[in-house]
Amino acid sequence: MSSDTLAQAPAAPEIPGPADVPRIVPQRRYGQWTAAAVVLVLLALAVTSVVRNQAFQWDVVAAYFTTGSVLRGLWLTLWLTAVVMVLGFALGTLLAAFRLSANPVLRAVGWGYVWLFRSIPVLVQLLLWFNIGALYPQVLGVKTVNLLSPVAVAVIGLTLHEAAYAAEVVRGGILSVGRDQIEAAQALGLSRWRRGWRIVLPQAMRSIVPPAGNMLIGTLKGTSIVSVIAVNDLLFSAQLIYHRTYQVIPLLMVATLWYAVVTTLLGIGQTYVEKYYARGTEQAR
């Protein structure tokens, strides 16, 4: 091959070396790191202040944390929460069916119930039920004075209040299911019961579980209001002790810590239930 032919041959492309590759520099987020450092410092100061503050009397908190009276009050709080949630959602589901009914009378009754019990503060409702004997001394020949115990009053008042909110949660969950899903189930010849149980309910639960979990935690903390009618719940048990010992802050911390423990456990359970019903969706990943 001649030298002219070699001169005319195209040169081989140059392979870029490491020095020619552009260096990727991560974005510097000085503001975020500064804010995080400030928050951590403030949090450390707050925790140190709480731990080292002698007024909290942590030794007294530890002494009363698992006493019999406190644990009995905790058990009543948990029992009351469970009963109110079950009865409240049972009644709320019925009210949601009323509100979604084609019958205008049922729709009006459902709407009126929700409007009424969401308008009256729960404390007022409890006091009204506690003093029901002053409103109706006799019902069907039965004297109502001292007929209802404080625990019964708490169950009735909290359940009626809870049902109004549960009705809206259930109604919103049912409405979140697309109409095409119901039409497809109808086309397959499924009965109304099977459509509701196998098609509507599993999809509606994705929208029902998060607010229902929040309601459960809210009900747990809201049961503390029954202490005003002398129901021996967790808070009332702590109050009975500090009325005798005058150690107000430590006993309030006992109740606070128990509420925090139970709320944390409920929050963990809610997370797993949400993941279960969100299977197959982006939220489950």
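- Using a 4.5 Å heavy-atom threshold, the side chains of Asn103 and Arg107 count as separate.
- Between Thr77 atom OG1 and Leu71 atom CG the span is 11.5 Å, to the nearest 0.5 Å.
- A heavy-atom distance below 4.5 Å is found between the side chains of Trp258 and Phe65.
- Taking hydrophobic clusters as Ile, Leu, Val, Met, Phe, Trp and Tyr residues chained together by side-chain heavy-atom distances below 4.5 Å, Trp33 does not share a cluster with Val38.
- Taking each heavy atom of Ile120 and Gln125 in turn, the nearest pair found is O-NE2, 2.9 Å.
- Using a 4.5 Å heavy-atom cutoff, the side chains of Gln239 and Leu251 are not in contact.
- Nearest heavy atoms, Glu162 versus Gly88: CB-CA, 4.4 Å.
- Without hydrogens or angle criteria, Thr93 side chain to Phe89 main chain gives a donor-acceptor distance under 3.5 Å.
- In this structure, the separation between CG on Leu126 and OG on Ser227 is 10.0 Å, given to the nearest 0.5 Å.
- Nearest heavy atom pair, residue Ala154 against residue Val226, reads CB-CG1, 3.6 Å.
- Under the 4.5 Å side-chain heavy-atom criterion for Ile, Leu, Val, Met, Phe, Trp and Tyr, Val114 and Leu175 are members of distinct hydrophobic clusters.
- Minimum interatomic distance between Phe130 and Pro150 (heavy atoms only, all atoms of both residues): CE1-CG, 4.3 Å.
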Would Tyr259 and Ser224 satisfy side chain to side chain contact (heavy atoms under 4.5 Å, CB included), going step by step from the backbone distance to the final call? CA-CA 10 Å; Tyr259 282 121; Ser224 60; 3.5 Å; yes
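- When only modelled atom types and interatomic distance are considered, Asn232 and Ser237 share a side-chain donor-acceptor pair under 3.5 Å.
- Pairing each heavy atom of Ala238 with each of Ala255, the nearest pair is CB-CB, 4.4 Å.
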Step by step, work out the side chain to side chain contact (heavy atoms under 4.5 Å, CB included) result for Val262 and Leu74. CA-CA 10 Å; Val262 178; Leu74 174 64; 4.1 Å; yes
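- Hydrophobic clustering (ILVMFWY, side-chain heavy atoms < 4.5 Å, transitive): Val86 and Val83 are in distinct clusters.
- Residues Val50 and Trp58 have side chains in contact (heavy-atom distance under 4.5 Å, counting atoms from C-beta outward).
- Using a distance-only test at 3.5 Å, with no hydrogens or angles considered, a donor-acceptor pair links the side chain of Thr159 to the main chain of Val155.
- In this structure a side-chain-to-backbone donor-acceptor pair under 3.5 Å is missing from Ser207 to Ser176.
- Ring pair His161/Tyr165 is tilted by interplanar angle, where 30° to 60° counts as tilted.
- Two residues are said to be in side-chain contact when any heavy atoms from C-beta on lie closer than 4.5 Å; Phe56 and Ile249 meet this criterion.
- Taking the six-membered ring where the residue is Trp, the centroids of Tyr242 and Tyr246 are separated by 6.0 Å or more.
- Although no hydrogens or angles enter the test, the distance criterion places no donor-acceptor pair under 3.5 Å between the side chain of Glu274 and the main chain of Val209.
- With Thr271 contributing its side chain and Gly267 its backbone, the two residues share a donor-acceptor pair below 3.5 Å.
- The shortest distance between side-chain heavy atoms of Ile241 and Val254 does not fall below 4.5 Å.
- With hydrogens and angles disregarded, a donor-acceptor distance shorter than 3.5 Å links the side chain of Tyr113 to the backbone of Leu160.
- The CG atom of Leu216 sits 4.5 Å away from atom CE of Met85, with the distance rounded to the nearest 0.5 Å.
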Please evaluate residues Gln270 and Leu266 with respect to the criterion side chain to side chain contact (heavy atoms under 4.5 Å, CB included), reporting the C-alpha separation (whole Å), side-chain torsions for both, the decisive distance (0.1 Å), and the verdict. CA-CA 6 Å; Gln270 178 185 349; Leu266 292 177; over 6 Å; no
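- Residue Trp75 places its CH2 atom among 12 or fewer non-hydrogen atoms of other residues, nucleotides or ligands, all under 6.0 Å distant.
- The CG atom of Leu235 sits 9.5 Å away from atom CG of Leu240, with the distance rounded to the nearest 0.5 Å.
- Note: Ile225 CD1 to Leu158 CG = 8.0 Å, rounded to the nearest 0.5 Å.
- For Leu127 against Asn131, the heavy-atom pair with the smallest separation is O-ND2, 2.7 Å.
- Leu234 is not listed as a side-chain neighbour of Leu76, based on a closest heavy-atom distance of 4.5 Å or more.
- Between Thr223 atom OG1 and Phe236 atom CZ the span is 14.0 Å, to the nearest 0.5 Å.
- The cluster map of Ile, Leu, Val, Met, Phe, Trp and Tyr, joined by side-chain heavy atoms under 4.5 Å apart, puts Val124 and Trp115 in the same cluster.
- Under a 4.0 Å N-O distance rule, the pair Arg99/Glu168 qualifies as a salt bridge.
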